[in-house]
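Side-chain atoms are counted along with the backbone in the values below, which use heavy atoms only and exclude waters and symmetry mates.
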Amino acid sequence: GMQNSKVSVHVYNTRSQQTQTMQTGTETDIYLPRLQFTPWENQLCIQRLNRFQNQLDYLLANPETGTSSLLLNEQSKTYIDITDDLIFLGNSGFIRSSENSGYNHIYHYSKTGTLIKALTSGTFDVTQLITFDKSQNTLYFQAARKTSTEREVYRVHLDGSGLTSLTAQAGTHSFEFLSGNRFYIHTYSNANTPPKYSLFDIKGRFIRDLETNAGLLNKMKGLKLSTKTFITFKNAGGVTLHAWMIKPPDFDSTKRYP
């Protein structure tokens with residue numbers, strides 16, 4: 001029954017040692033879930049979400065004066081999920097993800113918030129924007145494109161061409177880019193294998209393994225654990241659901257189990 005907290009944004013100038021309050025509108029019953037400085041001069045991006053969480057505004061605020069303007073607005077009949085999928089590209093605008101199509105996909109906008117192009121589409125979800133390589137004009141992202149139980153890494157050019165899968169093995173893949181996108185750490189695991197960390201260069205050439213977790217994997221084998229197996233089934237409404245099953249170590253197919 002307590003009142004909701006009132007939130008505000010303030011920018012501190014290290015030279016003048018003065019604090020400026022950013023304008024976020026007259027409505028105070030809101031969320032301010034993300035803040036991000038842009039590469040555009042004197043522009044701080046403030047994400048403003050209403051209490052019902054079905055309207056998201058991107059505001060551009062001037063850190064020196066506090067004045068703000070609306071860059072982009074998204075509305076939903078249900079709710080809007082807040083993520084960190086926002087990359088500013090300088091004069092080329094910015095990239096963000098949105099579920100407005102029913103699936104989470106990537107969209108390229110101009111500096112004024114005008115939609116330029118959808119970079120991905122289809123019946124799958126993009127799960128993370130990883131990085132944008134300016135030198136190659138290429139975006140790297142993670143998605144559940146093959147199946148909802150796996151995660152792959154892809155790249156696509158800013159014009160939407162050249163969509164390429166960078167991972168093949170079934171399981172969960174993630175990239176962490178280093179040193180100005182010259183290298184990346186590839187993390188791989190699946191339901192029965194602990195994470196493995198490997199170093200690659202930007203062209204995908206293997207350099208070395210950083211951690212294979214071989215000791216843990218051998219210990220797991222020594223415990224004779226049953227592996228997870230994945231299955232699909234349909235519920236009473238005919239919807240296909242994903243599930244996994246672990247059978248007893250001494251499983252006997254001729255017996256009945258709880």
Considering only heavy atoms from C-beta outward, does the side chain of Thr38 approach that of Leu60 to under 4.5 Å? yes
Can you tell me how far apart OH (Tyr79) and CG (Leu56) are? Round to the nearest 0.5 Å. 13.5 Å
Under 3.5 Å, is there a donor-acceptor pair between the side chain of Asp209 and the main chain of Glu211? no
Side-chain heavy-atom pair Ile185, Phe175 within 4.5 angstrom cut-off: no
Backbone N/O of Gln142 and side chain of Arg145: donor-acceptor pair under 3.5 Å: no
Centroid separation His242 to Phe233 less than 6.0 Å: no
Supply the atom-to-atom distance Thr83 OG1 to Glu99 CD, rounded to the nearest 0.5 angstrom. 8.5 Å
Ignoring hydrogens and angles, state whether a donor on the side chain of Tyr58 or Asn73 is under 3.5 Å from an acceptor on the partner side chain. no
Within 45° cone and under 6.0 Å: Arg48 NZ/CZ vs Tyr31 ring: no
Does the pair Thr187 and Glu176 meet the rule for a side chain to side chain contact (heavy atoms under 4.5 Å, CB included), with working shown? CA-CA 8 Å; Thr187 304; Glu176 179 184 354; over 6 Å; no
Heavy-atom side-chain contact between Tyr103 and Val126 under 4.5 Å: no
Ile106 vs Leu139 side-chain heavy atoms within contact, under 4.5 Å: yes
Before accepting this row, confirm whether a basic side-chain N of the pair Asp85/Arg96 lies closer than 4.0 Å to the acidic partner's carboxylate O. no
Flag, side chain of Tyr188 to backbone of Ala170, donor-acceptor distance under 3.5 Å: yes
Show, in sequence, the C-alpha distance, side-chain angles and deciding distance for Thr254 and Asp252, and conclude whether the side chain to side chain donor-acceptor pair (under 3.5 Å) test is met. CA-CA 5 Å; Thr254 64; Asp252 185 344; 2.7 Å; yes
Under 6.0 Å between the ring centres of Phe37 and Phe88? no
Main chain of Gly122, side chain of His105: is a donor-acceptor contact present, judged purely on distance under 3.5 Å? yes
Going only through I, L, V, M, F, W and Y residues with side-chain contacts under 4.5 Å, is there a path from Leu71 to Leu115? yes
Separation between CG of Leu199 and CZ of Arg205, rounded to the nearest 0.5 Å: 12.0 Å
Is Asn62 reaching over with its side chain to a backbone N or O of Thr67, donor-acceptor style, under 3.5 angstrom? no
Go through the side-chain N and O atoms of Glu74 and Ser98 and say whether any donor and acceptor fall under 3.5 Å apart. yes
With a 4.5 Å heavy-atom cut-off, do Leu86 and Gln36 have their side chains touching? yes
Common cluster, Ile95/Ile80, ILVMFWY with side-chain heavy-atom separation under 4.5 Å: no
Distance check, rounded to the nearest 0.5 Å: Leu119 atom CG versus Asp159 atom CG? 8.5 Å
Do Asn13 and Gln17 touch side chain to side chain, with heavy atoms closer than 4.5 Å? no
Within the structure provided, determine whether Phe94 and Trp40 are in side-chain contact (heavy-atom separation under 4.5 Å). yes
Student check: side-chain heavy atoms of Val153 and Ile130 closer than 4.5 Å: yes
Main-chain N/O of Leu59 paired to Asp57 side chain as donor or acceptor, under 3.5 Å: no
Heavy-atom donor-acceptor pair, Thr172 side chain to Glu150 backbone, under 3.5 Å: no
Determine whether the aromatic ring centres of Phe177 and Phe183 lie less than 6.0 Å apart. no
Side chains of Asp133 and Asn137: is there a donor and an acceptor less than 3.5 Å apart? no
Output for pair (Ser189 OG, Arg151 CZ), nearest 0.5 Å, gives 11.0 Å
Consider only side-chain N and O atoms of Ser198 and His186, and report whether a donor and an acceptor are under 3.5 Å apart. no
Return the CG to CZ distance between Asn104 and Phe124, rounded to the nearest 0.5 Å. 10.0 Å
Judged by atom type as modelled, is there a donor-acceptor pair below 3.5 Å linking the side chain of Asn213 to the main-chain atoms of Leu216? no
In terms of side-chain geometry, is the basic nitrogen of Asp201 or Arg182 positioned less than 4.0 Å from the acidic oxygen of its partner? no
Is the backbone N or O of Thr193 less than 3.5 Å from a side-chain atom of Asn190, with the two atoms forming a donor-acceptor pair by type? yes
Hey, is the main chain of Glu64 close enough, under 3.5 Å, to the side chain of Gln20 for a donor-acceptor pair? yes
